[in-house]
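It should be emphasised that the depicted structure is a prediction, and the values quoted were computed from it without experimental measurement. Atoms within each ligand, like the ligands themselves, are counted from 1 in listed order. We number each residue from 1, following the sequence as shown. FYI, side chains are in, hydrogens and waters are out, and symmetry mates aren't considered; it's all heavy atoms of this structure.
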Amino acid sequence: MRKIIVDTDPGHDDIMAILTALAHPNELELLSFCTVAGNQTLDKVTNNILKIEDYLDIDIPVFKGCDHPLVKQNQPQPAAHGESGMDGPLLPGPVRKAETISAVEYYKQVLSKEDKLTIVALAPLTNLGTLLKQAPEVREHIEEVVLMGGALQGGNINKYAEFNIWHDPEAAKILFDSGIKVTVAPLEVCYAGGILLKETERFDREGKVSKLVKDLFDFYCRYAIDRGWDSTAVFDLIPILYLLKEDLFTKKTGHIDVLLDGEDTQGQTLFSECEGAHTVLIDADREGCMKIFFDAIDGLDERFR
Ligand code: BDR
Ligand code: CA
């Protein structure tokens with residue numbers, strides 16, 4: 001059983017990942033959510049996770065994190081995630097509220113009490129960069145950071161960079177230079193482990209969680225449909241699937257460096273194979289990935305009626 005904290009900017013794919021984690025309480029103990037500005041503003045993404053908690057009637061503490069990157073300005077992505085950051089489902093609220101201490105303070109407190117925590121980072125790394133700047137000693141208490149971010153070939157936000165790393169490259173560099181064990185799901189493995197658009201039709205059926213997932217995909221898939229693709233990556237799902245079933249993935253060990261500047265290269269991740277602290281997921285068993293995801297949503301339909 002791994003204890004995990006999910007650092008997130010929901011985000012359609014963030015929610016798919018979180019749902020899949022929730023479906024596996026015997027493997028993953030989800031302690032809390034820490035939100036961060038990324039896909040949308042901090043207030044919007046925090047509201048989004050609270051709305052999901054209201055919808056499912058669950059209580060997992062939510063800590064609001066950093067509202068802008070360490071150096072750059074916020075650059076929300078309404079084309080990918082809508083004005084709310086989670087367009088599609090029409091959810092009221094939220095009624096639930098975030099905790100009163102910040103995500104960075106929470107990390108300091110929980111990491112001083114708990115050993116061996118895994119942080120699953122599905123968003124820009126501003127919270128972790130800030131934490132490591134303020135309290136570098138906490139790294140001893142982090143078992144691993146498993147994150148969605150980076151690209152080996154081409155980017156999705158500039159020529160070479162992936163959005164999460166590009167949004168706060170300085171924070172990403174602090175994490176990658178920290179010596180903490182980091183496992184990375186870059187764009188390519190997320191494409192390899194993606195969902196066929198026709199497979200998303202399976203969620204058009206009875207079931208409270210299926211309905212939510214259908215409404216999320218209805219908006220999220222537009223990006224792929226507009227480009228004539230027949231599948232889409234569910235980016236943030238991959239780190240959770242990796243934690244649930246490592247052998248779905250091939251991987252390499254080495255070191256990742258982050259470029260901080262350049263129109264085409266800001267946020268680019270350069271991977272060199274060596275005996276480093278970083279593991280990069282290279283390829284995925286797509287059908288195996290989707291089986292876990294589909295079974296997770298089926299199980300949640302049974303649990304949340
Ligand atoms: C990443 O950026 C966000 O839009 C997604 O939620 C994911 O974390 C993909 O580049
Ligand atoms: Ca995300």
Side-chain angles (χ1 to χ4, degrees), residues 4-21 33-42 44-49 52 62 65-66 69 72 74-88 103 119-128 145-169 171-172 175 182-195 213 216-217 219-224 227 229 231-242 258 266-269 280-281 284 293:
I4 65 169
I5 296 172
V6 176
D7 203 289
T8 181
D9 62 343
H12 300 74
D13 52 330
D14 301 69
I15 298 301
M16 316 278 190
I18 287 164
L19 291 171
T20 305
F33 299 113
C34 291
T35 57
V36 64
N39 288 329
Q40 263 299 351
T41 62
L42 180 66
K44 288 183 182 178
V45 300
T46 305
N47 276 347
N48 290 341
I49 187 63
I52 297 292
V62 174
C66 299
K72 294 171 63 178
N74 276 342
Q75 296 187 62
Q77 301 298 310
H81 298 277
E83 281 305 325
S84 71
M86 197 179 70
D87 278 14
I119 298 169
V120 184
L122 310 177
L125 295 160
T126 316
N127 290 340
L128 296 182
V145 175
V146 183
L147 67 88
M148 190 282 130
L152 300 173
Q153 316 263 329
N156 66 350
I157 191 78
N158 66 19
K159 194 163 179 197
Y160 296 111
E162 178 280 330
F163 172 74
N164 287 339
I165 305 297
W166 168 87
H167 199 257
D168 197 339
L175 174 66
V182 184
T183 296
V184 174
L187 290 177
E188 292 78 5
V189 75
C190 299
Y191 297 137
I195 189 167
V213 171
L216 288 167
F217 272 128
F219 186 91
Y220 184 72
C221 289
R222 286 184 205 176
Y223 193 89
R227 285 158 182 77
W229 301 341
S231 67
T232 182
V234 187
F235 300 100
D236 294 336
L237 181 59
I238 298 297
I240 293 292
L241 295 176
Y242 173 74
V258 180
Q266 186 178 59
Q268 184 177 358
T269 42
V280 177
L281 305 186
F293 178 49

Practice prompt. May I ask you to list the atoms of ligand 1 that are less than 4.0 angstrom from any heavy atom of D236?
Written response: 5 (C), 6 (O), 7 (C), 8 (O)
Worksheet entry | L122 near the Ca ion (ligand 2) via N/O/S, less than 3.0 Å | yes
Item to complete: Write out the residue and atom name of the closest protein heavy atom to atom 3 (C) of ligand 1, then the distance separating them to 0.1 Å.
Response: N39 OD1, 3.0 Å
Discussion item. So that I can check it, does any N, O or S atom in D236 come closer than 3.0 Å to the Ca ion (ligand 2)?
Written reply: yes
Worksheet entry | Geometric N/O contact L187 with ligand 1, under 3.5 angstrom | no
Item to complete: Of all the heavy-atom pairs spanning T232 and C221, show the shortest one and how long it is.
Response: CG2-SG, 4.2 Å
Item to complete: Apply the test side-chain contact (heavy atoms from CB on, under 4.5 Å) to residues N48 and N39: give CA-CA distance (whole Å), side-chain angles for both, the deciding distance (0.1 Å), then the verdict.
Response: CA-CA 11 Å; N48 290 341; N39 288 329; over 6 Å; no
Discussion item. Looking at every heavy atom in both P124 and D9, which two are closest together, and how far apart are they?
Written reply: CD-OD2, 3.6 Å
Response to the item:
Separation between CG (L216) and CD1 (I15), nearest 0.5 Å, reads 7.0 Å
Worksheet item: How far does CG of N47 sit from CD of Q40, to the nearest 0.5 angstrom?
Response: 11.5 Å
Item to complete: Give the minimum heavy-atom separation between A161 and Q266, together with the two atoms involved.
Response: CB-O, 3.1 Å
Discussion item. For Q77, state whether at least one heavy atom is located under 4.0 Å from any atom of ligand 1.
Written reply: no
Worksheet, complete the sentence: Restricting D9 to its N/O/S atoms, the closest one to the Ca ion (ligand 2) is OD1
Worksheet entry | Subset of ligand 1 atoms that lie under 4.0 Å from at least one heavy atom of D14 | 6 (O)
Item to complete: Below 4.0 angstrom from a heavy atom of H81, which ligand 1 atoms are there? Numbered from 1 as shown, please.
Response: 3 (C), 4 (O), 5 (C), 6 (O)
Discussion item. I need the Y220 OH to M16 CE distance, nearest 0.5 Å.
Written reply: 7.0 Å
Item to complete: Report, in ascending order of atom number, the atoms of ligand 1 lying under 4.0 Å from any heavy atom of N156.
Response: 9 (C), 10 (O)
Item to complete: Could you list the atoms of ligand 1 found under 4.0 angstrom from a heavy atom of E162?
Response: 1 (C), 2 (O), 9 (C), 10 (O)
Worksheet entry | Rounded distance (nearest 0.5 Å) linking atom CG of N156 with atom CZ of F163 | 9.0 Å
Worksheet item: Should you measure from each heavy atom of D13, which atoms of ligand 1 turn up under 4.0 Å away?
Response: 5 (C), 6 (O), 7 (C), 8 (O)
